[in-house]
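Below is one structure, written out as structure tokens, with a few remarks after it.
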There are 2 protein chains.
Amino acid sequence: MSGKRITMKQVAERAGVSRTTVSFVLNNTPNVNISPETRERILDAARELHYARDFAATSLATGRAHTIAFIIRQPPEELSVDAFMGGLLNGVSQAVNHAGYHVLFYAMGLNASKGAYAELIRSQRVDGLLISGPLVEDSELLDLDAEGVPLVIQGTPDVGDLPSVDVDNIASARMATEHLIQLGHRRIGMITNGPLTYTSSRDRLTGYIQALEAAGLPIDEGLIQSGEFSDDSGVQAMNRLLELPHRPTAAFVASDVVALGAIRTIREHGLRIPGDISIVGFDDIPLAQYLEPGLTTVRLPRVELGLHAGKMLMDLVEGKPVPERHLRLNTSLIIRGSAALFE
Amino acid sequence: MSGKRITMKQVAERAGVSRTTVSFVLNNTPNVNISPETRERILDAARELHYARDFAATSLATGRAHTIAFIIRQPPEELSVDAFMGGLLNGVSQAVNHAGYHVLFYAMGLNASKGAYAELIRSQRVDGLLISGPLVEDSELLDLDAEGVPLVIQGTPDVGDLPSVDVDNIASARMATEHLIQLGHRRIGMITNGPLTYTSSRDRLTGYIQALEAAGLPIDEGLIQSGEFSDDSGVQAMNRLLELPHRPTAAFVASDVVALGAIRTIREHGLRIPGDISIVGFDDIPLAQYLEPGLTTVRLPRVELGLHAGKMLMDLVEGKPVPERHLRLNTSLIIRGSAALFE
DNA sequence: TTGGAAAATTAACTCGCGTTAGTAAACCGC
DNA sequence: GCGGTTTACTAACGCGAGTTAATTTTCCAA
């Protein structure tokens with residue numbers, strides 16, 4: 001059914017040398033002298049036989065798998081709906097492959113079996129972990145980090161000092177809110193992207209508050225409503241804002257998906273965007289630019305997040321110094337038509 | 001920095017037996033008698049020491065990696081924009097993990113180095129390959145298949161008899177077109193999703209033609225325009241349709257993304273959807289439901305494609321019989337507001 | 001031509017685990 | 001208490017490659 005396996009032994013025989021010599025040549029082992037002719041002969045033999053180094057054997061002998069695990073803890077459906085994960089994975093994959101490593105992918109969701117991370121590490125299957133997603137009580141990761149296991153979080157961990165890469169949610173939310181303030185709005189609502197148990201939700205709310213305070217505007221609790229990732233939750237939240245006796249002239253919605261629901265609700269109330277209410281979103285999902293009017297929003301550098309996270313993990317794995325253990329990337333405000341001057 | 005590695009030897013010592021016995025117990029090796037007490041003692045020891053089987057050693061000894069490679073050949077940007085890949089990956093991951101296997105992810109793009117597939121297989125790093133994307137001249141895969149390497153294509157290969165999973169593009173396009181015919185349209189334009197070098201483009205065009213022929217409608221070459229994946233290409237194609245002396249009252253656009261451009265163009269010409277022109281798309285991208293009016297389109301079972309492809313590969317890897325080497329999944333027509341009765 | 005250093009190559013051990021063949025102890029019928 | 005089965009366990013080899021220590025060959029100065 002299949003051809004016999006090609007090992008260093010076959011290559012050695014064909015080149016008329018010992019297996020050890022083959023290993024030296026193929027690895028360019030330093031402090032070893034091999035005559036140019038022999039070297040050439042071995043390389044030729046390897047090429048002619050289509051030799052490929054056995055991964056398991058190499059890994060066993062060296063103790064390194066040249067592989068990392070990319071684990072996402074978001075509910076798996078998110079993968080199917082949102083392009084964020086795809087962009088992230090793209091970046092991670094590029095950075096890691098570039099360093100000569102491979103990526104094992106796991107969609108663990110939130111029900112990961114206890115000890116799943118440790119098992120990957122202890123079985124020597126991977127050299128490091130890259131984890132994305134909301135981390136609820138992941139004390140396991142703290143233990144691993146303490147043991148010296150290379151790992152990087154994509155996101156902003158609640159506790160501990162785990163190496164992480166994320167956007168600067170506070171600054172981004174502040175930027176979005178300041179945009180509305182600059183447009184002349186004074187009563188600005190806020191709808192969070194998720195419950196405040198998530199650091200991203202908290203941080204974006206903080207940014208909103210900072211912007212208001214910096215501008216000397218009052219913080220009105222009633223103007224702050226909670227979203228929960230879905231567009232439906234945006235419907236609820238916006239309804240609450242619209243029912244206020246003195247309703248806002250603008251709203252910062254900390255998630256484009258949630259904003260979709262909010263926008264629908266505004267229209268159903270017979271109000272116009274941005275005429276009656278200005279909206280600024282967050283995430284810059286692909287459809288943001290196709291809405292009518294286009295959604296002004298905060299763009300996340302999806303691919304770059306992945307690239308940086310991947311790079312940081314590679315550095316950790318290879319023992320190189322990591323300049324910033326907590327990298328925060330800048331976002332950019334994409335101005336379209338959903339937020340306008342308050343006359 | 002790190003604790004000493006736990007191997008079967010440590011477990012054996014702690015349980016007071018030989019390493020072989022530990023192996024027998026941990027693997028439930030058949031035809032071997034181990035007393036219940038000994039078995040218990042070994043399992044306890046393993047648990048207490050947090051023993052995890054070394055992956056490389058196991059793989060080397062058994063010759064199986066319990067790992068498959070999921071390779072995408074689409075341009076990597078697509079990952080960042082479209083949710084299709086995410087859904088697919090989600091399905092693949094579920095199916096493969098369920099079978100106790102792991103997924104190595106590669107975004108090879110189109111510039112994959114010659115021999116990349118073979119290297120993965122020959123190095124024993126993976127037991128099988130799952131490849132998604134437009135396959136240009138991938139004769140390498142035919143060779144591997146001939147050698148008995150387990151592999152599955154997500155998509156419809158040009159040539160050969162490689163195992164594959166895809167939607168039925170012909171039937172789907174036919175369904176979409178028939179929907180327009182049933183609405184009373186007689187002059188129906190078509191914009192392809194990509195160049196006809198792609199099987200998916202060809203098949204969707206074929207479905208369109210079949211629908212027209214079945215309804216006794218003439219095939220007008222001028223009504224068939226070529227898209228190229230992007231919304232910009234949709235702009236060009238629709239412009240060509242609108243410039244026709246006798247322009248269509250409806251169009252089947254074989255890609256939602258391309259349809260976005262087409263829709264923009266229609267509006268820029270001052271025409272209304274579906275009043276002046278009805279549109280049916282293909283893919284059901286997430287934003288299709290948010291357009292105004294909602295885009296009537298063909299929904300691809302993203303996750304299911306991944307699930308089936310993963311399952312098929314698992315069967316091939318484990319030598320189980322594969323009922324259908326060329327699986328074609330059904331799609332569904334999602335009727336929204338972009339296609340209406342032709343008065 | 002000979003001693004000795006440098007250059008070229010190899011034997012042998014190791015990594016952790018699967019597995020075959022074999023040994024030792026326990027049991028059993030008579 | 002003796003041959004013959006089970007039952008319970010282990011010694012030893014192999015998977016393919018990295019690596020150290022040793023060995024052989026080459027080269028050159030004295």
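Here is how names work: the chains are called A, B, and so on, in the same order as the sequence lines, proteins then strands, and each is numbered from 1.
Between Asp44(A) and Arg47(A), at least one side-chain nitrogen of the basic residue sits less than 4.0 Å from a carboxylate oxygen of the acidic one, meeting the salt-bridge criterion.
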key: B/S/- contact track for nucleotides 13-19 of chain D, protein heavy atom under 4.0 Å   = --BBBBB

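Backbone-only contact: Val17(A) has heavy atoms under 4.0 Å from sugar-phosphate atoms and none from a base.
The CD1 atom of Ile34(B) sits 13 Å away from the P atom of dT7(D) (whole-angstrom rounding). Between Asn33(A) atom CG and dT25(D) atom P the separation is 17 Å, expressed in whole Å.
Asn97(A) contributes a side-chain N or O that, together with a main-chain N or O of Ser93(A), makes up a donor-acceptor pair within less than 3.5 Å. No donor-acceptor pair closer than 3.5 Å links the side chain of Asp127(A) to the backbone N or O of Val317(A). Side-chain N or O atoms of Arg122(B) include none that pairs as donor or acceptor with a backbone N or O of Ala52(A) at under 3.5 Å.
For DNA chain C, the span of nucleotides reached by chain B at under 4.0 Å from its heavy atoms goes, 5' to 3', from dG16(C) to dT20(C).
Contact detail for Gln154(B) and Ser132(B): the closest heavy-atom pair is OE1-OG, 2.9 Å.
Aromatic rings from Tyr106(A) and His102(B) are positioned such that their centres are separated by under 6.0 Å.
Side-chain N/O atoms of Thr58(B) and Arg64(B) include no donor and acceptor closer than 3.5 Å. Judged purely by distance below 3.5 Å, without hydrogens or angles, the side chains of Arg328(A) and Ser164(A) pair a donor atom with an acceptor atom. Side-chain polar atoms of Asp166(A) and Thr156(A) form a donor-acceptor pair below 3.5 angstrom. Side-chain atoms of Ser23(A) and Thr20(A) include no donor-acceptor pair closer than 3.5 Å.
One axis for each end of the helix from dT1(C)-dA30(D) to dC30(C)-dG1(D), each built from five base pairs, and the angle between them comes to 50° at 10° resolution.
When the side-chain nitrogen and oxygen atoms of Thr38(B) are compared with OP1 and OP2 of dA8(D), none of them lie within a distance under 4.0 Å.
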